[in-house]
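Read through the structure below, which is laid out as structure tokens, and then see the notes.
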Amino acid sequence: MAAAERGLLESGVRQCAVSGRLASAEEILRVHSNEYLSRLELALARGQGFLDGDTFFSGGSHKAVWGAAGAVIAAVDASLDTEIHQGVVIVRPPGHHATIDRAMGFCMLNNVAIAAAHARSRGLKRLAIVDWDVHHGNGTQDIFISDPSVLFVSLHQWPIYPGTGRADDVGERDGLGRTVNLPLPANGNGAVYAAAFERIVLPILDEFEPELLLISAGFDAHERDPLSGMRLKSTDYAWMASSLRRVADKHAESRIVLALEGGYDLRAIEQSFANSARGLVTPAEAELISEFRGVKLDYEAEQALRSIEKIQRTHWSSLR
Ligand SMILES: [Zn+2]
């Protein structure tokens, strides 16, 4: 967290701090089950231990976990109620692996999903969550799988933890077509992400017309990250954030909130967070995507994008 804060300070972005708070049970129960919430509270009251193989908790976890969810809610409220429509939230633990009824992969409460449900409770009808963490946001997908009001878009390395997020998982029942998975082969660089944005992510967002955008911003697709095999550079996060800001400008009254998820190299987090914050407030940074136009992708990446396009064409006329 300190690295992300340092990055934000060095980004040169003019800031206005919003007070965070703890999420309430009512807010949490919009996305997690009653049974899970009771189980989680009981476990955390024990002091320290593991909720699954890699989800450790300690004495400070309750405050951190409830505070993380509450902070993303507070940022959503600020984007709706004040003239500051772009928010960044530096929190840990992350949330996107937490499912309706299970803690997973360092995540206990699904911060971004709770914030999306909060925005909906405030009357918004269409919300988009873009998850660029290198791991699939299985928890967020699980929570909104049959919900047509939340578009969930995840770009992730494939196949790695948690093993979900296939291209043909496209949502269920009323939510059919509202889950957009982009599983990408290892070694994906800026050119691959730029092609994914221009050919799939941005047209779909534009067609969906979200009233608020939330970004599950892990920085573990960075080339320095020890847990992944992707090759994004810190500057790639500027045009990614900025492209999403453009969508927010067009459809969502510029409302966009970015929340930290994973990322395990401190220097990468610091620099990438700074670039994301700058991109979020500078729509013109989106132009940097043009550097990648005309770059030929390697065979595997091109095939992955083509098969995702083919699947998504059924649901989005803008891709036809
Ligand atoms: Zn991750």
Side-chain angles (χ1 to χ4, degrees), residues 1-23 63-96 111-112 114-116 118-119 122 124 127-133 210-220 222 232-250 252-263 265-288:
M1 273 167 63
E5 279 176 280
R6 216 167 30 243
L8 183 59
L9 285 173
E10 286 166 11
S11 67
V13 171
R14 200 168 57 86
Q15 295 152 46
C16 168
V18 170
S19 301
R21 61 176 175 82
L22 302 183
K63 192 174 170 205
V65 172
W66 265 247
V72 190
I73 291 173
V76 164
D77 279 339
S79 81
L80 293 172
D81 299 333
T82 74
E83 69 282 10
I84 300 164
H85 297 307
Q86 299 87 42
V88 297
V89 191
I90 302 170
V91 288
R92 284 278 163 89
H96 72 152
N111 309 321
V112 165
I114 289 169
H118 174 73
R122 294 204 45 190
L124 298 196
L127 302 150
I129 299 173
V130 176
D131 185 330
W132 71 43
D133 187 285
E211 297 169 307
L212 168 73
L213 277 90
L214 292 157
I215 308 177
S216 266
F219 295 106
D220 39 11
H222 192 281
L232 287 184
K233 296 185 185 308
S234 305
T235 46
D236 290 321
Y237 291 98
W239 62 256
M240 281 162 57
S242 183
S243 310
L244 299 177
R245 163 69 192 273
R246 285 238 170 118
V247 176
D249 283 347
K250 191 166 170 196
E253 296 173 32
S254 304
R255 296 184 293 231
I256 181 163
V257 171
L258 175 150
L260 182 62
E261 296 277 3
D265 179 90
L266 293 180
R267 211 168 96 202
I269 293 180
E270 180 178 338
Q271 295 171 350
S272 305
F273 202 94
N275 276 281
S276 302
R278 208 176 49 246
L280 216 59
V281 298
T282 320
E285 299 256 340
E287 299 303 334
L288 294 173

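In what follows, residues are counted from 1 in the order of the sequence shown.
- Asp77 is linked by a side-chain hydrogen bond (donor to acceptor under 3.5 Å, both in side chains) to His118, Arg122, counting only residues two or more places apart in sequence or in another chain.
- Side-chain atoms of Asp81 do not come within 3.5 Å of backbone N or O of Ala78 as any donor-acceptor pair.
- Summarising the geometry of Asn111 relative to Ala69, their closest heavy-atom pair is OD1-N, 3.4 Å, with the distance given to 0.1 Å.
- Taken from CG in Asp249 to OG in Ser254, the straight-line distance is 3.5 Å, to the nearest 0.5 Å.
- Interatomic distance, CG of Leu288 versus OG1 of Thr235, reported as 8.0 Å (0.5 Å rounding).
- Under the salt bridge (Lys or Arg N to Asp or Glu O under 4.0 Å) criterion, Glu211 pairs with no residue, sequence neighbours left out.
- Counting only residues at least two apart or in different chains, side chain to side chain donor-acceptor pair (under 3.5 Å) contacts with residues 11-20 are absent.
- Residue pairs meeting the ring-ring contact (aromatic ring centres under 6.0 Å, His included) criterion with at least one partner in residues 75-96, sequence neighbours excluded, do not occur; the list is empty.
- Nearest heavy-atom pair, Gly7 versus Ala274, reported as atom, atom and distance to 0.1 Å: O-CB, 3.1 Å.
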Q: Tell me, with the steps shown, if Asp220 and Ile269 meet side chain to side chain contact (heavy atoms under 4.5 Å, CB included).
A: CA-CA 8 Å; Asp220 39 11; Ile269 293 180; over 6 Å; no

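- To the nearest 0.5 Å, the span separating CZ on Phe273 from CG on Leu260 amounts to 6.0 Å.
- Counting all heavy atoms, side chain and backbone alike, Ile129 lies closest to Ala116 at CD1-CB, 4.0 Å.
- Atom NE2 of residue His222 and atom OG of residue Ser234 lie 3.0 Å apart, to the nearest 0.5 angstrom.
- Scored by the salt bridge (Lys or Arg N to Asp or Glu O under 4.0 Å) test, Glu287 finds Arg246 as partners (sequence neighbours excluded).
- The CG atom of Asp265 sits 8.5 Å away from the OG atom of Ser272 when rounded to the nearest 0.5 Å.
- With rounding to the nearest 0.5 angstrom, the CD atom of Gln86 is 12.0 Å from the CG atom of Leu244.
- Residues satisfying the side chain to side chain contact (heavy atoms under 4.5 Å, CB included) test with Pro94, not counting sequence neighbours, are Arg92, Phe106, Cys107, Glu261.
- With sequence neighbours excluded, the residues forming a side chain to side chain contact (heavy atoms under 4.5 Å, CB included) with Ser79 are Leu212, Arg255, Val257, listed by chain and number.
- The salt bridge (Lys or Arg N to Asp or Glu O under 4.0 Å) test applied to Lys63 returns no partner, not counting sequence neighbours.
- Proximity of Val130 to Leu214: side-chain heavy atoms (C-beta onward) are nowhere separated by under 4.5 Å.
- Put simply, the side chain of Ile73 reaches to within 4.5 Å of the side chain of Arg21, judged on heavy atoms.
- The two atoms that bring Ala259 and Val112 nearest to each other are CB-CG2, 3.8 Å, heavy atoms only.
- Inter-residue side-chain proximity for Leu280 and Ser242 is flagged as unmet; no heavy-atom pair is nearer than 4.5 Å.
- Residue Val281 comes nearest to Pro283 through the heavy atom pair O-CD, 3.5 Å, listed as atom of the first residue, atom of the second, then distance.
- Pairs passing the salt bridge (Lys or Arg N to Asp or Glu O under 4.0 Å) check and including a residue from residues 269-283, sequence neighbours excluded, read Arg6-Glu270, Arg278-Glu285.
- For Lys250, the side chain to side chain contact (heavy atoms under 4.5 Å, CB included) partners two or more places apart in sequence, or in a different chain, are Asp206.
- Scanning all heavy atoms of the two residues, the minimum distance from Ala119 to Leu127 falls at CB-CD2, 3.7 Å.
- At a threshold of 4.5 Å between non-hydrogen side-chain atoms, the residues Val72 and Ile114 do not count as touching.
- A search for side chain to side chain contact (heavy atoms under 4.5 Å, CB included) contacts involving Ala217 returns Trp132, Ile215, Phe219, Leu258, not counting sequence neighbours.
- With hydrogens and angles disregarded, no donor-acceptor distance shorter than 3.5 Å links the side chain of Asp236 to the backbone of Leu232.
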